Amino acid sequence: MLEISQDVEKKLYILLNKFNENEGNVISILQDLQNAFGYIPEKTVAWFSKKLDIPESRFFGIITFYAQFHTKPRGENLITACCGTACHVKGSDRLISRLRHDLNLAEGEDTTGDKKFTLERVACVGACSIAPVIIINKKVHGEMSINRLLKELKVLTQQPVAVPEKTK
């Protein structure tokens, strides 16, 4: 059976009341869940499904359709790497590989074990003229190099990061 803590259930009832007062829809529920928890916990979808008599499949169909929704916890720092053609040609793969290495991200993982960082790849951010582009916590960094990236990472971690002397 569905196990949800009392604190979580209180939050869910607040969201349910907001939904009922505003004649909300499934997307608005999902947005509210993500805002409340930082992601959409599967148990909360089951809870809303039961309370609203809406199949879970309808919720998950929307979650999987829109890239803005996440079903796993994300890191407190979000690093978005553009992988569009211009960024790819100008070295975004090298930047991503270095980030994955320095953040100790296993293959297939996008969030560090300590939940400090999430690395996501996007098809294009529409800033081709300043490629390669990395977005760190919603701040756009164009013409990114490994050295600059490591300096930004150092600021976020407050730990020394080895910066190579010269990078091509």
Side-chain angles (χ1 to χ4, degrees), residues 7-8 11-12 14-15 18-19 22 24-45 48 59-164 167-168:
D7 289 341
V8 170
K11 286 183 183 180
L12 296 179
I14 290 169
L15 298 179
K18 179 181 174 186
F19 170 84
N22 296 325
N25 57 46
V26 173
I27 291 176
S28 66
I29 291 170
L30 295 172
Q31 289 170 328
D32 288 343
L33 284 171
Q34 186 147 301
N35 287 336
F37 298 100
Y39 71 109
I40 301 169
E42 190 173 332
K43 290 179 180 182
T44 63
V45 171
F48 269 102
F59 286 93
F60 285 109
I62 293 169
I63 290 169
T64 57
F65 182 79
Y66 291 104
Q68 77 185 65
F69 295 125
H70 307 281
T71 56
K72 295 189 320 188
R74 293 162 49 95
E76 55 189 76
N77 294 289
L78 179 60
I79 302 172
T80 304
C82 179
C83 296
T85 303
C87 289
H88 175 75
V89 167
K90 293 204 173 187
S92 64
D93 283 346
R94 285 192 321 265
L95 297 172
I96 293 166
S97 291
R98 183 59 188 256
L99 273 171
R100 293 189 66 74
H101 175 267
D102 286 9
L103 296 174
N104 294 315
L105 285 171
E107 191 63 37
E109 293 295 319
D110 57 4
T111 300
T112 57
D114 61 4
K115 305 287 187 262
K116 294 282 185 191
F117 295 94
T118 293
L119 173 61
E120 68 179 7
R121 299 169 65 120
V122 295
C124 184
V125 297
C128 302
S129 65
I130 59 171
V133 175
I134 300 287
I135 303 170
I136 303 172
N137 296 330
K138 298 183 181 180
K139 183 178 178 193
V140 177
H141 299 271
E143 299 176 353
M144 184 57 82
S145 67
I146 289 177
N147 285 343
R148 284 186 51 225
L149 181 58
L150 294 177
K151 286 176 186 175
E152 292 293 332
L153 191 60
K154 181 180 178 182
V155 169
L156 292 174
T157 60
Q158 299 298 312
Q159 298 173 5
V161 174
V163 178
T167 307
K168 292 184 180 181

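Quick note: numbers below take in every heavy atom, side chains included, and nothing from hydrogens, waters or symmetry partners. Everything quoted here is computed from the prediction, not taken from an experiment. Residue numbers count from 1 along this sequence.
Counting only heavy atoms from C-beta outward, the side chains of D32 and F19 never approach each other to under 4.5 Å. Residues L12 and L33 form a side-chain contact, since some pair of their non-hydrogen atoms from C-beta on lies under 4.5 Å apart. Between F48 and L15, some side-chain heavy-atom pair lies under the 4.5 Å cut-off. Counting heavy atoms from C-beta on, the side chains of F117 and L99 never come closer than 4.5 Å. Taking 4.5 Å as the limit, some side-chain heavy atom of V133 sits within range of a side-chain heavy atom of V140. Side chains of I135 and V122 form no contact here, defined as non-hydrogen atoms less than 4.5 Å apart. Counting heavy atoms from C-beta on, the side chains of F59 and I29 come closer than 4.5 Å.
How far CG of L153 is from CD1 of I79: 5.5 Å, rounded to the nearest 0.5 Å. One distance of note links CG of L95 with CG of L149; it measures 5.5 Å at 0.5 Å rounding. Between the CE atom of M144 and the CZ atom of R94 there is a distance of 13.0 Å, given to the nearest 0.5 Å. To the nearest 0.5 Å, atom SG of residue C128 and atom NZ of residue K90 are 10.0 Å apart.
Salt bridge annotation for K139-E152: absent, with no cationic side-chain nitrogen under 4.0 angstrom from a carboxylate oxygen. We find that D93 and R121 are joined by a salt bridge, their nearest charged nitrogen and carboxylate oxygen being less than 4.0 Å apart.
Looking at R148, its side chain does come within 3.5 Å of a backbone N or O of E143 through a donor-acceptor pair. At least one donor-acceptor pair closer than 3.5 Å links the side chain of Q34 to the backbone N or O of H70. In this structure, the side chain of N25 engages the main chain of I27 through a donor-acceptor pair within 3.5 Å.
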For this session: Would you sort out whether T112 and D114 count as a side-chain hydrogen bond (donor to acceptor under 3.5 Å, both in side chains), showing the intermediate values?
Result: CA-CA 5 Å; T112 57; D114 61 4; 2.6 Å; yes
Problem set entry | Criterion side-chain contact (heavy atoms from CB on, under 4.5 Å) on L105 and R100, from CA distance to verdict | CA-CA 5 Å; L105 285 171; R100 293 189 66 74; 3.9 Å; yes
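Residue A81 comes nearest to L119 through the heavy atom pair CB-CD1, 4.5 Å, listed as atom of the first residue, atom of the second, then distance. When all heavy atoms are compared, the tightest approach of G126 to C124 is N-SG, 3.3 Å.
I96 pairs with exactly one of C83, C82, C87 by the side-chain contact (heavy atoms from CB on, under 4.5 Å) rule, that one being C83.
The environment of NZ in K116 is sparse: at most 12 heavy-atom neighbours from other residues, nucleotides or ligands sit within 6.0 Å.
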